[in-house]
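All ligand and atom numbering here is 1-based and tracks the order in the structure. Values below: every heavy atom of this structure, side chains too, minus hydrogens, waters and symmetry copies. If you're wondering where the values come from, they're calculated on a predicted model, not measured in any experiment.
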Amino acid sequence: MPYDAIILGAGAAGLMAAISAGRRGRRVLVLDHAPEAGRKILISGGGRCNFTNQHCAPDRFLSGNPHFARSALARYTQHDFIALVRRHGIAYHEKTLGQLFCDGSARAVVAMLLAECAAAGVELRLGQRITGVEKPHGFRISTEQGEVTAPALVLATGGLSIPKMGATGLAHDIAGRFGVPLVPPRPGLVPLTFQGAPLELMRPLSGVALPAIARCGKRAFPEALLFTHRGLSGPAILQISSYWREGEPIALDLLPKIDAPTLLRERKRARPKAEPKTVLGELLPSRLAATLAEAHLPAKPMAELPDRALDGLAALLKRWELLPAGTEGYAKAEVTLGGIDTAALSSQSMEAKSVPGLFVVGEAVDVTGWLGGYNFQWAWSSGWVAGEAV
Ligand SMILES: Cc1cc2nc3c(=O)[nH]c(=O)nc-3n(C[C@H](O)[C@H](O)[C@H](O)COP(=O)(O)OP(=O)(O)OC[C@H]3O[C@@H](n4cnc5c(N)ncnc54)[C@H](O)[C@@H]3O)c2cc1C
């Protein structure tokens with residue numbers, strides 16, 4: 001066998017696994033069906049790649065086992081990746097909430113990973129269609145170009161998000177064939193869709209954005225909210241979408257940190273002749289203010305509105321309960337929730353407990369981060385520890 005490890009997937013996790021294994025002197029081959037490596041890195045963070053988060057911690061990840069990610073995240077931390085970025089002279093900045101972005105193009109991150117791969121002697125073959133994976137003795141991978149074998153196989157083909165970028169369920173399928181269980185996948189960090197009256201109200205507001213708090217169950221995310229022609233998006237909604245389950249309501253606070261009932265009554269006294277939409281327009285984007293005022297209050301001056309009516313509107317502004325119809329699906333989801341069951345993997349090495357030599361890393365695993373650089377950090381950390389073990 002000319003290779004010690006074959007890695008399927010030249011994305012964030014696969015390239016990092018290749019780097020850490022190659023640096024240890026392992027002979028590594030990376031196969032990918034795409035014509036270029038790291039395509040999701042290139043489109044990430046609006047082309048500037050939010051490559052990690054300064055506040056990365058295990059409680060910012062969703063998984064069937066909330067403790068699983070701890071070990072990998074501790075062994076290859078955000079600080080390790082930041083040090084790598086610095087060594088390569090890539091300029092970056094914190095945008096918000098600890099999110100680190102390149103000052104320039106995400107291409108710099110891919111170029112850095114490819115340079116590290118080259119320095120570690122990693123062989124990269126792109127445009128490879130995987131046609132078979134067998135385990136007679138070690139692993140035998142068939143592609144349209146021929147067969148390759150190695151005693152270790154790392155599945156790094158990611159999740160199902162954005163099929164038009166080349167996402168497939170290959171890692172899930174291969175693991176399944178070897179009897180490694182799967183937590184059913186579903187789209188995460190994804191816009192929510194609505195139907196009926198809520199959608200009628202939201203659609204004309206498409207493009208309106210404001211700071212808000214989105215809640216689902218015990219989770220709350222204070223971030224920006226965006227109305228779309230299909231419902232709601234923006235960071236607050238993407239974050240809450242990962243916790244949302246079909247049939248559950250979400251709640252929006254459109255006036256975070258504001259005591260809305262007191263404020264509306266005070267404005268009634270201060271501006272008795274003003275219409276509610278004008279008063280609301282001082283607190284919210286004007287299109288949203290007009291829509292909510294018209295939907296919930298008569299078009300009368302503030303002085304003529306009973307306090308009860310103002311309290312009703314204030315309650316809505318602080319807790320607008322909505323029942324999403326669904327999500328925009330994998331076509332728009334930034335990540336895939338679920339994936340290879342962590343119970344079947346070693347958290348130290350990412351190796352399948354029942355299939356020695358088989359490793360799964362990155363988004364293919366049932367570990368999903370919040371929005372804000374956490375998903376790349378998981379890819380770097382899980383890839384790194386697998387590379388240390390192959
Ligand atoms: C639009 C968008 C923006 C994002 N922005 C950010 C961000 O700024 N910060 C952040 O932390 N996360 C972001 N993410 C999430 C992040 O991109 C992923 O979590 C991360 O790329 C997962 O890394 P991975 O290596 O596991 O999978 P991927 O990066 O998806 O890599 C998988 C690789 O496997 C290859 N592959 C797939 N199927 C096959 C097959 N059948 N045969 C051969 N090869 C195959 C693919 O071509 C790909 O190269 C974003 C995601 C999207 C969609």
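Taking all heavy atoms of Val360, Ile7, Asn50 into account, the minimum distance to atom 8 (O) of ligand 1 is reached by Asn50. For atom 35 (C) of ligand 1, the nearest non-hydrogen atom from the set Asp32, Ile130, Leu42, Leu371 belongs to Asp32. Scanning Arg48, Lys332, Glu363 for the heavy atom closest to atom 19 (O) of ligand 1 points to Glu363.
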The test is side chain to side chain donor-acceptor pair (under 3.5 Å); show your working for Ser161 and Thr336 and say whether it passes. CA-CA 6 Å; Ser161 313; Thr336 301; 2.9 Å; yes

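Any N or O atom pair closer than 3.5 Å counts here, and Gln128 shares no such pair with ligand 1. Looking at ligand 1, you'll find an N or O of Ala13 within less than 3.5 Å of one of its N or O atoms. For the pair His33 and ligand 1, the shortest N or O to N or O distance falls below 3.5 Å.
Annotation: Trp384 is not in aromatic contact with Phe81 [ring centroid separation under 6.0 Å not met]. Checked against the 6.0 Å centroid criterion, the rings of Tyr374 and Trp378 do not qualify as a close aromatic pair.
For Glu223 and Gln239, the side-chain atoms include at least one donor-acceptor pair closer than 3.5 Å. Side-chain contact of Arg48 with Tyr92: a donor-acceptor pair under 3.5 Å is absent, judged by distance alone.
At least one heavy atom of Gly373 sits closer than 4.0 Å to an atom of ligand 1. Heavy atoms of Gly166 approach ligand 1 to within less than 4.0 angstrom.
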Donor-acceptor contacts under 3.5 Å from residues 319-328 side chains, at least two apart:
{"unit_1": "Arg319", "atom_1": "NE", "unit_2": "Glu321", "atom_2": "OE2", "d": "3.2"}
{"unit_1": "Arg319", "atom_1": "NH2", "unit_2": "Glu321", "atom_2": "OE2", "d": "3.3"}
{"unit_1": "Thr327", "atom_1": "OG1", "unit_2": "Gly329", "atom_2": "N", "d": "3.0"}
{"unit_1": "Glu328", "atom_1": "OE1", "unit_2": "Lys332", "atom_2": "NZ", "d": "3.4"}

